[in-house]
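To start, the structure under review is shown below, and the notes come after it.
A, B, ... follow the sequence lines: proteins, then strands. Residue 1 opens every chain.
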2 protein chains.
Amino acid sequence: MSITDLQFNIDRDSKTPMWLQIRNELFNCLYRDELRPGQLIPNEKTLVDLFNVSIGTVRKAVGALEKEGFLIRKQGLGTFVFQHDKSTFHFAYFHFALNGTDEISYPEVEFISFETKKATKYEAKILNISPGSNVYQIFNKLGINKKNYIVDKIIISQAKFPTLTEEIFKNRANTIYNLYQNKFNIFITNCSEKLKATSADKTVSALLNVKLDSPILRIERIGQTYHNETIELRTSFVHTDDIDYVNTQNSTFGDTF
Amino acid sequence: MSITDLQFNIDRDSKTPMWLQIRNELFNCLYRDELRPGQLIPNEKTLVDLFNVSIGTVRKAVGALEKEGFLIRKQGLGTFVFQHDKSTFHFAYFHFALNGTDEISYPEVEFISFETKKATKYEAKILNISPGSNVYQIFNKLGINKKNYIVDKIIISQAKFPTLTEEIFKNRANTIYNLYQNKFNIFITNCSEKLKATSADKTVSALLNVKLDSPILRIERIGQTYHNETIELRTSFVHTDDIDYVNTQNSTFGDTF
DNA sequence: TATATTATATCATATATATGAATTTCTACT
DNA sequence: AGTAGAAATTCATATATATGATATAATATA
């Protein structure tokens, strides 16, 4: 079933503009997986025929999804569905820069452990699963320039990744989100992070080679899909003596929609 | 001298698109102060005549500046230059939410102190002034629901705010950025923040009523103008037991330009 | 005077169309 | 086989125009 076989209903008398209706229809195709990450979407002329509108209206709809980050337009080539990748990961999700610099460098990732355990009450609440159901708990160390600064604890529901094993996780050739996307058909579209200052407990101090009770930046990131289904709870413990968490607002402010 | 009297040169043969040239000309008007915060800019028809292009091209240029946050379009009313205000401040610059919630509430600000001192080497470097030149150092306490969580230290160059006094600062009716904007003609357009975990020193522990060496989130924010001239160095010390620093990426990612 | 109606100004949506730029694919030539 | 050039595909820019939606201002009416 190709997208070009689908029937779309654009209500010309609706109070919601046609371009927005088209944007929503295309968005639905994305999360219903009728358009998959990396895939080429139909060209503008085809979309014009499909939706029976003018090309300007199609361009406005596609432009909105491009601005939101779901589509990537390439002149002379076509429009593609965004996919997680080493190149795209970078700016979107990694917020650390070495002291004194503003450059965000790509982190080195080192696997620590992979285990199955029962979800805590809090984890279950966040992941919207029953307390006590199985989750994978994965630890990684992240570093820059051969020095480790970050311990990552990932919690994901086993039910959503039934075939995941330590081997598959360790042997992935790309980013973790790319693994979710390509092997499990789960596409993380938005993240929100909550930051706190804490101090190093025994585990963290050992892994990061810092003193017990050293100041540690604790980041809790929630990764969600198109319809805000929470997939991943990732807690980072960061030793910030040599690196900063960087957050830049480029313009005065910006409502997405 | 009104903007409508100015002469604009749009090169129709340039490789940079006309809409971008117009966007840049309008942006220049903004930072040259020919269009001031809150001001109504010429309507689309006038801009069409001014730049001698079609209305679609004008709309694309204005749309870009709107997306960047510099202009605010209001249907039926006109297009205005963004201004700092209590209502706009909110989402753009205050990143804290009470534990368990995602709502970012408006903080209560309490003045602590205002003094003139010599810039440290680091402050001078950030503010691009000579070490030892005069700066104002201003302390504030910020709270949510009558409880104080944040101490803010503001450093600004005296040379850029020659007439600023403690009285003027304390008696402002609006936000601090609004004061810069309206009384000193200095408009902060972009901020970048660097976060670290530290621990409470004597001053901070006293002001926030926490134990010495408690974990403290330290945020260094640099506020800049249109051309990235650094105006303000603001360091926040945050007691994060009850509040989180929240950072949300709404879509996969987003290049502004 | 207070309120409802009408007119006006301004941005928003939508169509139709033409030309340009970037990329890939095809084709002909050496 | 390899390369250069032409053709085709696709998105980007730009113009012209018509109609709609929204907010304010002006006017008429009770």
Side-chain angles (χ1 to χ4, degrees), chain A residues 2-4 8-26 35 38-82 255 257, chain B residues 2-4 8-26 35 38-82 255 257:
Chain A
S2 162
I3 178 182
T4 46
F8 293 105
N9 254 339
I10 301 302
D11 179 1
R12 303 184 86 89
D13 300 322
S14 164
K15 59 171 185 167
T16 58
M18 284 157 63
W19 69 263
L20 188 49
Q21 292 182 54
I22 294 171
R23 178 251 169 232
N24 291 338
E25 291 290 344
L26 291 173
L35 290 171
Q39 191 184 331
L40 178 69
I41 77 166
N43 68 38
E44 293 176 347
K45 178 66 175 59
T46 308
L47 292 176
V48 162
D49 295 340
L50 246 147
F51 292 106
N52 202 27
V53 294
S54 76
I55 193 170
T57 307
V58 161
R59 281 188 60 79
K60 180 141 185 178
V62 172
L65 289 166
E66 186 194 30
K67 177 174 131 184
E68 292 174 82
F70 296 119
L71 298 177
I72 315 285
R73 288 203 270 212
K74 292 185 184 170
Q75 187 177 355
L77 206 58
T79 301
F80 300 83
V81 181
F82 174 87
D255 262 334
F257 238 74
Chain B
S2 163
I3 179 183
T4 48
F8 294 104
N9 254 340
I10 302 302
D11 179 1
R12 303 185 87 89
D13 301 321
S14 165
K15 60 171 186 171
T16 58
M18 282 156 63
W19 70 264
L20 187 49
Q21 293 181 51
I22 293 171
R23 178 253 169 231
N24 291 338
E25 292 289 347
L26 289 174
L35 290 171
Q39 191 183 330
L40 178 69
I41 77 165
N43 68 37
E44 294 175 346
K45 178 66 176 59
T46 308
L47 291 176
V48 162
D49 296 339
L50 245 151
F51 291 105
N52 203 26
V53 294
S54 75
I55 194 170
T57 308
V58 161
R59 281 186 60 80
K60 180 140 185 179
V62 172
L65 289 167
E66 185 195 28
K67 176 174 135 189
E68 293 174 80
F70 296 120
L71 297 178
I72 316 285
R73 288 204 269 211
K74 293 185 183 168
Q75 188 176 354
L77 207 58
T79 301
F80 301 83
V81 180
F82 174 86
D255 262 336
F257 239 72

query: Mind checking whether L26(A) and I3(A) have side chains closer than 4.5 Å, heavy atoms only?
result: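 Yes, side chains in contact.
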Check: Are the side chains of I41(A) and L47(A) in touch, meaning some heavy atoms are under 4.5 Å apart?
Finding: yes
Notebook entry, point to check: Which residues pass the ring pair (Phe, Tyr, Trp, His ring centres under 6.0 Å) test with F8(A), sequence neighbours left out?
Noted result: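 F8(A) satisfies ring pair (Phe, Tyr, Trp, His ring centres under 6.0 Å) with F51(A) only.
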Over all atoms of both residues, closest heavy-atom pair of [X] and [Y]:
{"X": "T79(A)", "Y": "V62(A)", "value": "CG2-CG1, 4.1 Å"}
{"X": "G78(A)", "Y": "L40(A)", "value": "CA-CD1, 3.7 Å"}
{"X": "V48(B)", "Y": "S54(B)", "value": "CG2-C, 4.0 Å"}
{"X": "W19(B)", "Y": "A64(B)", "value": "CZ3-CB, 4.0 Å"}

Residues of residues 50-59 of chain B with a heavy atom under 4.0 Å from any atom of DNA chain D, listed by number, are V53(B), S54(B), I55(B), T57(B)
Per the under-4.0 Å heavy-atom filter, residues of residues 39-46 of chain A near DNA chain D come out as N43(A), E44(A)
Problem - Pairing residues for D11(A) by the side-chain contact (heavy atoms from CB on, under 4.5 Å) criterion, not counting sequence neighbours - result: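 Checked D11(A) against side-chain contact (heavy atoms from CB on, under 4.5 Å); matches are D13(A), S14(A), Q21(A).
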Opening and closing nucleotides of DNA chain C in contact with chain B, under 4.0 Å to non-hydrogen atoms: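 In short, chain B contacts DNA chain C from dT10(C) to dT13(C).
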- Item | By side chain to side chain donor-acceptor pair (under 3.5 Å) - contacts of N43(B) (at least two apart) |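 Side chain to side chain donor-acceptor pair (under 3.5 Å) check on N43(B) returns T46(B).
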State which residues pass side chain to side chain donor-acceptor pair (under 3.5 Å) with N52(A); sequence neighbours excluded, sorted by chain then number.
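Here no residue qualifies.
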### Message
Within the 4.0 Å heavy-atom criterion, would you say K60(B) contacts the bases, only the backbone, or no part of the nucleic acid?
### Response
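Here K60(B) touches the backbone only, sparing every base.
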Rounded to 10°, the angle between the first-five-pair and last-five-pair axes of the helix from dT1(C)-dA30(D) to dT30(C)-dA1(D) is 10°
From CG of L77(A) across to P of dA8(D) the rounded distance in Å is 19 Å
Exercise. Could you note down all residue pairs passing salt bridge (charged side-chain N to carboxylate O under 4.0 Å, His left out) where residues 48-59 of chain A supplies at least one of them, sequence neighbours left out?
Key: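 Residue pairs with at least one partner in residues 48-59 of chain A: E44(A)-R59(A), K45(A)-D49(A).
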State which residues pass salt bridge (charged side-chain N to carboxylate O under 4.0 Å, His left out) with K74(B); sequence neighbours excluded, sorted by chain then number.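 K74(B): no salt bridge (charged side-chain N to carboxylate O under 4.0 Å, His left out) contacts found.
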Margin query: Which residues pass the salt bridge (charged side-chain N to carboxylate O under 4.0 Å, His left out) test with E25(A), not counting sequence neighbours?
Written below: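 Counting only residues at least two positions away or on another chain, E25(A) forms no salt bridge (charged side-chain N to carboxylate O under 4.0 Å, His left out).
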